Amino acid sequence: MTHERRGKSDEWYTPKYVFDALGCTFDLDVAHPRNHTHTAMPTRRFFYEAALEQDWSGFIWMNPPFGNSDRAKLVWMNRFFDHGNGIALTPDRTSAPWFQRC
């Protein structure tokens, strides 16, 4: 899966063609970029901060700000699997320890 990166932040933007191919609308984007003027996210609601401390509901989209931390990846993925309803976009590092634990 290709990501589009803007600037030098930890935010990666999912290209519109991914959402077009999925053909669905999400109830919640749990890691929406604060500056969302150039995103194509088909969602009814979004969190752009403190998402891990908030209640998640419905069919969610998750493309979280993983950064370089395996711990951050594990925290976000555990929360996603606990929720159990949605699509998560993750790096394709199946040999990484955080992936093996999920």
Side-chain angles (χ1 to χ4, degrees):
M1 188 80 41
T2 302
H3 295 282
E4 181 177 332
R5 184 155 186 174
R6 308 261 180 181
K8 294 183 179 184
S9 76
D10 195 27
E11 293 182 343
W12 291 68
Y13 302 89
T14 306
K16 183 180 182 309
Y17 69 82
V18 172
F19 299 119
D20 291 346
L22 290 171
C24 58
T25 299
F26 296 89
D27 296 310
L28 176 63
D29 177 355
V30 297
H32 202 78
R34 180 176 291 278
N35 177 7
H36 54 86
T37 57
H38 52 272
T39 63
M41 183 65 219
T43 188
R44 293 180 177 89
R45 297 180 358 193
F46 58 86
F47 297 150
Y48 58 85
E49 63 184 8
L52 295 171
E53 290 81 44
Q54 298 188 54
D55 290 329
W56 294 8
S57 62
F59 183 52
I60 66 164
W61 171 258
M62 186 179 82
N63 182 1
F66 284 144
N68 292 322
S69 167
D70 281 345
R71 167 117 173 79
K73 291 174 183 76
L74 188 59
V75 170
W76 279 95
M77 293 308 296
N78 283 338
R79 180 69 191 272
F80 177 79
F81 286 124
D82 286 347
H83 177 70
N85 184 17
I87 297 174
L89 188 62
T90 65
D92 61 348
R93 296 181 188 100
T94 58
S95 63
W98 67 265
F99 188 91
Q100 295 299 317
R101 288 188 224 151
C102 294

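Treat the numbers as computed from the prediction; the structure is a model and nothing was measured. Worth knowing before you read on, the calculation uses all heavy atoms, side chains too, and leaves out hydrogens, waters and symmetry mates.
Across every non-hydrogen atom of Pro42 and Cys24, the tightest pair is CG-O, 3.5 Å. Nearest heavy atoms, Trp76 versus Pro64: CD2-CB, 3.5 Å. Of all the heavy atoms in Leu89 and Asn63, the pair that sits closest is CD2-ND2, 3.6 Å.
The line from NE2 of His83 to CH2 of Trp56 is 7.5 Å long, rounded to the nearest 0.5 Å. For the atom pair Asp55 CG and Phe47 CZ, the distance stands at 7.5 Å (nearest 0.5 Å). Considering CE of Met41 and CG of Leu28, their distance stands at 8.5 Å, rounded to 0.5 Å. Asp82 contributes atom CG, which lies 11.0 Å from atom CE of Met77 (distance to the nearest 0.5 angstrom).
Side-chain contact check for Phe59 versus Ile87: some heavy-atom pair is nearer than 4.5 Å. Ser57 has its side chain within reach of Arg45: a pair of non-hydrogen atoms, C-beta onward, lies under 4.5 Å apart.
Checked against Phe80 for a side-chain contact (heavy atoms from CB on, under 4.5 Å), the options Ile60, Val30, Val75 give a single hit: Ile60.
By the ring-ring contact (aromatic ring centres under 6.0 Å, His included) test, Phe19 is found to be paired with Trp61, residues two or more places apart in sequence or in another chain being considered. Residues that satisfy the side-chain hydrogen bond (donor to acceptor under 3.5 Å, both in side chains) test with Arg79, not counting sequence neighbours, are absent from this structure. With sequence neighbours left out, the side-chain hydrogen bond (donor to acceptor under 3.5 Å, both in side chains) criterion links Glu49 to Arg34. Not counting sequence neighbours, Ala21 has no partner by the side-chain contact (heavy atoms from CB on, under 4.5 Å) test. Remark: Asp20 engages Lys16 in a side-chain hydrogen bond (donor to acceptor under 3.5 Å, both in side chains) (not counting sequence neighbours). Under the rule for a side-chain hydrogen bond (donor to acceptor under 3.5 Å, both in side chains), the partners of Asp27 that lie at least two apart in sequence or sit in another chain are Arg44.
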